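Reading through the structure tokens given below for one structure.
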Amino acid sequence: MREFSSVDLIFIAMAIRWTLILSVIAFIGGAVGGLALALSRTAHSRALRWLSMSFIQVFQGTPLLMQLFLVYFGLAVLGLPIDPLVAAAVALTLHASAFLGEIWRGAIQAVPQGQSEAATALALSYRDRMRHVVLPQAMRVATAPTVGFLVQLIKGTSLASIIGFTELTRAGQIVNNATFQPFLVFGTVAVLYFILCWPLSLLARRMEARMRLAVTR
């Protein structure tokens, strides 16, 4: 046992980069998967709608911690040992895909049907309708909740500590095991999470306020 020092603080602070790296990887992967799911959920094909809805229900209806365990330990059982960063990135990407898919599906369906009908009347293909008419309008609706979900995703990366990935929470656990000062150590970790998430939370609120103002005008 030793005292909590500036070296420990620097070690914890340096782990922020891994939290951010994991968050960015999961968000970008989730954005790609989420867009595919949102388009599938609003497609004319019943099979696509059913498959995308089933995926979303599975990953929204099960704990993220269990998903991390299944990816990390499940692949190891199958003889495919996997790096903790890769396992965490895969699990968080699947998790983010499900939630972003639903957020963006709602945004697409919030665009008035007349917009799509007008684009169809102009002989635009499905791809052009989505690219030039529907998605740009849906993006305005989806921006605020997407930023809000990013905050949740950053906090969700803390669960990656369970599988041994040294991000912010895991760094706090390592320091606490050496200093036995949990209030000071995890208080520091909480402050760093707050510094990461608070600006994004404010941004999401401002975007929501702007959207409400734009709707009432």
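These numbers come from a predicted model, not from an experiment. Just so you know, residue 1 is the first one in the sequence shown, and it goes up from there.
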Which distance, rounded to the nearest 0.5 Å, do you find between the [atom1] of [X] and the [atom2] of [Y]?
X: Leu39; Y: Arg105; atom1: CG; atom2: CZ; answer: 12.5 Å
X: Gln60; Y: Phe55; atom1: CD; atom2: CZ; answer: 10.0 Å
X: Leu200; Y: Leu153; atom1: CG; atom2: CG; answer: 11.0 Å
X: Trp50; Y: Ser40; atom1: CH2; atom2: OG; answer: 13.5 Å
X: Leu92; Y: Ile154; atom1: CG; atom2: CD1; answer: 11.5 Å
X: Leu64; Y: Met66; atom1: CG; atom2: CE; answer: 10.0 Å

Cluster overlap [X] with [Y], hydrophobic side-chain contacts below 4.5 Å:
X: Phe73; Y: Leu159; value: yes
X: Leu48; Y: Leu135; value: no
X: Leu65; Y: Leu85; value: yes
X: Met139; Y: Ile28; value: no
X: Leu70; Y: Leu68; value: no

Q.
Donor-acceptor check, side chain of Glu102 to backbone of Ala98, threshold 3.5 angstrom: yes or no?
A. no
Q) Does any N or O in the side chain of Arg41 come within less than 3.5 Å of the main-chain N or O of Met53, such that one atom is a donor and the other an acceptor? A) no
Between [X] and [Y], is any pair of side-chain heavy atoms under 4.5 Å apart?
X: Val111; Y: Val133; value: no
X: Thr146; Y: Leu150; value: no
X: Leu168; Y: Leu192; value: yes

**Q.** Pair listing, ring-ring contact (aromatic ring centres under 6.0 Å, His included) test, anchored in residues 136-168, at least two apart
**A.** Phe99-Phe149
Q | Shared-cluster residues of Trp198, by chain and number - hydrophobic side chains joined below 4.5 Å | A | Phe194, Leu202
**Q.** Residues in side-chain hydrogen bond (donor to acceptor under 3.5 Å, both in side chains) contact with Gln152, at least two apart in sequence or another chain
**A.** none
What pair of heavy atoms forms the shortest contact from [X] to [Y], and how long is it?
X: Ile163; Y: Ala87; value: CD1-CB, 4.0 Å
X: Ile195; Y: Pro199; value: O-CD, 3.1 Å
X: Gly148; Y: Ala204; value: N-CB, 4.0 Å
X: Val86; Y: Ile82; value: CG1-CD1, 3.7 Å
X: Thr93; Y: Ile25; value: OG1-O, 4.0 Å
X: Ala96; Y: Gly30; value: CB-CA, 3.8 Å

Q) Step by step, would you call Thr157 with Trp18 a side-chain contact (heavy atoms from CB on, under 4.5 Å)? A) CA-CA 9 Å; Thr157 59; Trp18 291 111; over 6 Å; no
Q. Any salt bridge (charged side-chain N to carboxylate O under 4.0 Å, His left out) pairs touching residues 145-170, not counting sequence neighbours?
A. none
Q) Can you pull the salt bridge (charged side-chain N to carboxylate O under 4.0 Å, His left out) pairs that have at least one residue in residues 4-21, sequence neighbours excluded? A) Arg2-Asp8
Q.
As a quick check of understanding, evaluate side-chain contact (heavy atoms from CB on, under 4.5 Å) for Leu37 and Phe59, giving each step before the final call.
A. CA-CA 12 Å; Leu37 287 169; Phe59 283 93; over 6 Å; no
(Q) Strictly by side chain to side chain donor-acceptor pair (under 3.5 Å), give each pair with a member in residues 62-86 just once, sequence neighbours left out. (A) Thr62-Gln67
Q: Before giving the answer on side chain to side chain donor-acceptor pair (under 3.5 Å), spell out for Tyr193 and Thr169 the whole-Å C-alpha distance, their side-chain angles and the decisive distance to 0.1 Å.
A: CA-CA 9 Å; Tyr193 272 116; Thr169 298; 2.8 Å; yes
